[in-house]
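Since the structure comes first, as structure tokens, the remarks are kept for the end.
Naming convention: chains lettered A, B, ... in sequence-line order (proteins, then strands); numbering from 1 in each chain.
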Amino acid sequence: MKLKKILKPLEFLGKIISSIINFILLSIVYFLGIGLTSIIAKIFNKKFLDLKKENKKTYWEEKEMSDKEFQDYFRQF
Amino acid sequence: MYILGISCYYHDAAACLIKDGKIVAAAEEERFTRKKHDPSFPINAINFCLKEANISSKELSFIGFYEKPLSKFERILSQHLEMFPYSFWSFYKTIPNWLSEKLRIPKIIKKKLKYKGDILFIDHHLAHASSSFLVSPFKNAAILTVDGVGEWTTTAIGYGKENEIRLLKEVKFPHSIGLLYSTVTAHLGFSVNNSEYKIMSLAAYGTPLYYDKFMKIVDLKEDGSYMLDMDYFDYHFRLKMPGKKFVKEFGPIRKPNEELTQHHKNIAASLQKVTEDVLFKILNYLYEETKCENLCMAGGVALNSVANGKIKKNTKFKNIFIQPASSDAGTSLGVAFYIYNSVLNNKRNCIMDSVYLGPEFYNNKIQSFLDSNKINYKKLKDENELVKETAKLIYQNNVIGWFQGRMEFGPRALGNRSILANPCNPQMKKILNEKVKHREEFRPFAPVIIEEKVKEYFDIDKKDERFMLFVYPIKESKRKLIPPVNHVDGTARLQTVNKEQNLLYYNLIREFEKLSKVPVLINTSFNIRGEPIVCTPEDAYKCMMGTEIDYLILNNFLIKRNDNLKDVWSSEKYED
């Protein structure tokens, strides 16, 4: 019981520390990794999503469905 | 050859096991963990499937996963790259989950199942398409899959022939009719990926006054392809779905407990009309492309039973099969069949004519549960007595918890984990809501009818509608006979039942007909709001004792709530 009483606040403290570290690390990844890539891509007019309305006849896109090899199904992409 | 299909980590995690191209077992994880739409790794569902086949994971030939995780991750990163710096909060909230689970799928599967064999990854919409076509009664069929989003695809059309599936065209994220539906669900104060069907019910109370406003957002082409004006949405970079422009156009976001006004109902009606228009245009184009009269559908939007009921009137399709577990749960079944039939090139030998694929509990187990918990019960001597006694209790306006055989796979309770009640009593909707379901007033209850009488009661062109996936008009002359299932627009989402499908259930309705002259029962899922459908006798008993269900029937055991102590048991709390 006594050990539990000591461990609970420690666990809580651990959670706070881990969420602070998570926040710092993810912020670095987001602003340096995602941010820089995004800015450079935007300079070169690269679009990652089709957000703007285009004057197209159809919005259907042909789906690539070439015959797959058995090994292709092991891939996660 | 055993193949296990798994879907998880988004919503409705599930597992399905097939043996030599036939379904052995399938179940959603939520039924075991008691967390509605539980997305976590479906270890309980998998263990149940393996136990049902009496095998260990070593005997599995393949495991299939319901999407390509890296392709999905690519889409997530693309969203952040496009929407930098507005997507920071969404990045912070979602990426840890990707790093700890979603990018480690093979490791997690191998570790949790102690499995060393092959794991195959199948495109999400291909898994949806397979879940419908490969277990349909058709040799050839046109295929439509529509959901929120898979990897990139949100809507796909294609064709199935024998054991081969070709998805030909797609609409890609962020343009998604499913996500538009979810956005309105959120805007009207309901929970996303959970309450979309409530908007469908609410629509009947409204007039589509905002149809034109919606059509400003949806650029719909004659061939059914569409693009959304993303200025109205935030879901591609925030955890909230409606954007500022959407709120400006349709008014403030309704709070969950706020009153539903006519304005909200009109929004729902307008959205439903837009959804139907989009679906019918896609389907008409699909028919022109394939010239096939058979249609297979899957994906969350395929659970829109109001639209489904109108497909035949608005398109040239004559035969329709919709996967009854059409949401992501059904993709576990889809991947298993895709591997068996399409990847391994085996002939199709399964038609999915039943959803009774979950756990079953025999009398000895139930009796030992009842005895060990000192529950008072009456054992009915045979099925004849069971049916007679239950029909009499229903006729006397009691609410019955009906627990028989194998649990259903998919979102509908179809007579094995159902709450049954008298549809002839005009007060029964109120009674059910007050006693058990605590549902929103506007939501109707569904009827189950014996197959041979369906045309007497409904405007329907076929007899067999066993999966409760279509809404049909009730014949005007019959509406007064069954008021609790008659929705405000004179329709109902019906289930038909025949002897081969579920003999006990069929006989029960027959017996009720002898007393009431009406071959219909109210059938609603055996749960309370916010809780998954019951799985075990304990869940069922707990549900009865936490609500005001009058009687519970566990196989042959009749339990009266008032004969037992309430304080010992409490049901899970209900929430939206």
Side-chain angles (χ1 to χ4, degrees), chain A residues 7-8 10-77, chain B residues 64-65 67-75 77-85 87-88 91-92 95-96 103 105-106 118-122 125-126 151 153 155-158 165-175 219-227 229-231 236 285 339 343-344:
Chain A
L7 281 178
K8 256 202 168 172
L10 279 178
E11 217 172 85
F12 183 66
L13 190 70
K15 273 184 188 167
I16 291 176
I17 293 169
S18 110
S19 62
I20 291 170
I21 292 171
N22 262 351
F23 185 81
I24 294 167
L25 287 178
L26 286 169
S27 301
I28 293 168
V29 173
Y30 184 75
F31 289 103
L32 289 182
I34 301 283
L36 282 179
T37 316
S38 171
I39 290 163
I40 293 165
K42 275 171 192 167
I43 290 168
F44 289 100
N45 232 352
K46 162 87 181 151
K47 290 279 165 216
F48 294 97
L49 292 179
D50 283 335
L51 294 177
K52 292 285 165 228
K53 209 171 161 183
E54 292 163 66
N55 237 346
K56 282 182 180 174
K57 266 190 171 176
T58 179
Y59 296 122
W60 287 121
E61 292 185 36
E62 298 291 328
K63 206 158 162 53
E64 288 167 35
M65 279 293 286
S66 52
D67 285 327
K68 283 187 178 172
E69 296 296 320
F70 184 68
Q71 293 303 319
D72 294 338
Y73 294 104
F74 291 103
R75 288 207 317 249
Q76 295 186 54
F77 54 90
Chain B
F65 193 70
E67 64 182 11
K68 299 261 190 191
L70 290 182
S71 300
K72 193 170 179 177
F73 191 58
E74 180 210 359
R75 191 250 300 163
L77 286 181
S78 299
Q79 287 174 238
H80 294 299
L81 286 166
E82 184 67 34
M83 299 312 296
F84 177 85
S87 62
F88 174 71
F91 182 87
Y92 172 67
I95 293 299
L103 291 176
I105 303 285
D118 293 330
I119 300 169
L120 274 56
F121 295 87
I122 311 297
H125 276 256
L126 198 51
E151 292 88 0
T153 311
T155 307
I157 52 173
I165 293 176
R166 295 266 162 186
L167 291 181
L168 307 167
K169 293 179 181 181
E170 64 184 346
V171 173
K172 281 185 176 176
F173 184 87
H175 310 290
D219 183 13
L220 178 62
K221 300 287 183 191
E222 269 312 301
D223 62 5
S225 65
Y226 60 90
M227 192 174 189
D229 184 342
M230 294 310 294
D231 291 345
H236 51 302
Y285 175 67
I339 293 169
V343 178
L344 302 174

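Looking at heavy atoms from C-beta onward, B:S225 lies out of side-chain contact with B:H175 at the 4.5 angstrom threshold.
With a 4.5 angstrom heavy-atom cutoff, B:D118 touches chain A via backbone and side-chain atoms both. For a residue to count as touching a neighbouring chain, one of its non-hydrogen atoms must lie under 4.5 Å from one of that chain's; by this rule B:F88 touches chain A with backbone and side chain alike. Interface remark: A:F70 contributes side-chain atoms only to the contact with chain B (heavy atom separation under 4.5 Å). Looking at A:K52, both its backbone and its side chain come within 4.5 Å of chain B, counting heavy atoms on both sides. The part of A:D72 that comes within reach of chain B is its backbone (N, CA, C, O), which places non-hydrogen atoms under 4.5 angstrom from that chain. When heavy atoms are compared at a cutoff of 4.5 Å, A:K47 approaches chain B by way of both its backbone and its side chain. B:I119 touches chain A through its backbone: at least one of N, CA, C or O sits under 4.5 Å from a heavy atom, while the side chain does not. Contacts of B:Q79 with chain A are made by both backbone and side-chain atoms, with heavy-atom separations under 4.5 Å. Heavy atoms closer than 4.5 Å to chain A are found nowhere in B:F65, neither backbone nor side chain. If you measure heavy-atom distances from B:L344 to chain A, the contacts under 4.5 Å come from the side chain alone.
Each of B:V343, B:T155, B:V171 has some count of heavy-atom pairs under 4.5 Å with chain A, and the biggest count is that of B:V343. The residue among B:K172, B:K221, B:H236, B:M230 with the most heavy atom pairs within less than 4.5 Å of chain A is B:K221. Put simply, of B:D229, B:I122, B:I157, the one with the most heavy-atom pairs under 4.5 Å next to chain A is B:I157. With chain A as the partner, the residue from B:Y92, B:F73, B:Y285 showing the most heavy-atom pairs under 4.5 Å is B:Y92.
Residues B:F91 and B:P96 come closest through the heavy atom pair O-CD, 4.1 Å. In plain terms, the two heavy atoms of B:I105 and B:P69 that are nearest each other are CG1-CG, 3.9 Å.
Here B:H80 contributes atom NE2 and B:I95 contributes atom CD1; the two are 4.5 Å apart, rounded to the nearest 0.5 Å. Remark: B:M227 CE to B:L220 CG distance equals 13.5 Å, nearest 0.5 Å. Taking CG of B:L81 as the start and CG of A:L36 as the end, the distance is 11.0 Å to the nearest 0.5 Å.
A ring-centre distance under 6.0 Å is not found for B:F121 and A:F77.
Identified under the side-chain hydrogen bond (donor to acceptor under 3.5 Å, both in side chains) test for residues 24-37 of chain A, with sequence neighbours left out: A:Y30-B:S87.
One N or O on the side chain of B:E82 and one on the backbone of A:F48 form a donor-acceptor pair closer than 3.5 Å.
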B:K169 and A:T58: side chain to side chain contact (heavy atoms under 4.5 Å, CB included), yes or no, with the steps?
CA-CA 11 Å; B:K169 293 179 181 181; A:T58 179; over 6 Å; no
Please report the C-alpha distance between B:L103 and B:L70 in whole Å, then the side-chain angles of each, then the deciding distance to 0.1 Å, and finally whether the side chain to side chain contact (heavy atoms under 4.5 Å, CB included) criterion is met.
CA-CA 7 Å; B:L103 291 176; B:L70 290 182; 3.6 Å; yes
Show your working on side chain to side chain contact (heavy atoms under 4.5 Å, CB included) between B:L167 and B:H125 and close with a plain yes or no.
CA-CA 8 Å; B:L167 291 181; B:H125 276 256; 4.1 Å; yes
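Chain B is approached within less than 4.5 Å, heavy atom to heavy atom, by A:S19, A:N22, A:F23 from residues 12-24 of chain A, ordered by number.
Using a 4.0 Å cut-off between charged side-chain N and carboxylate O, B:E151 and B:K68 make no salt bridge.
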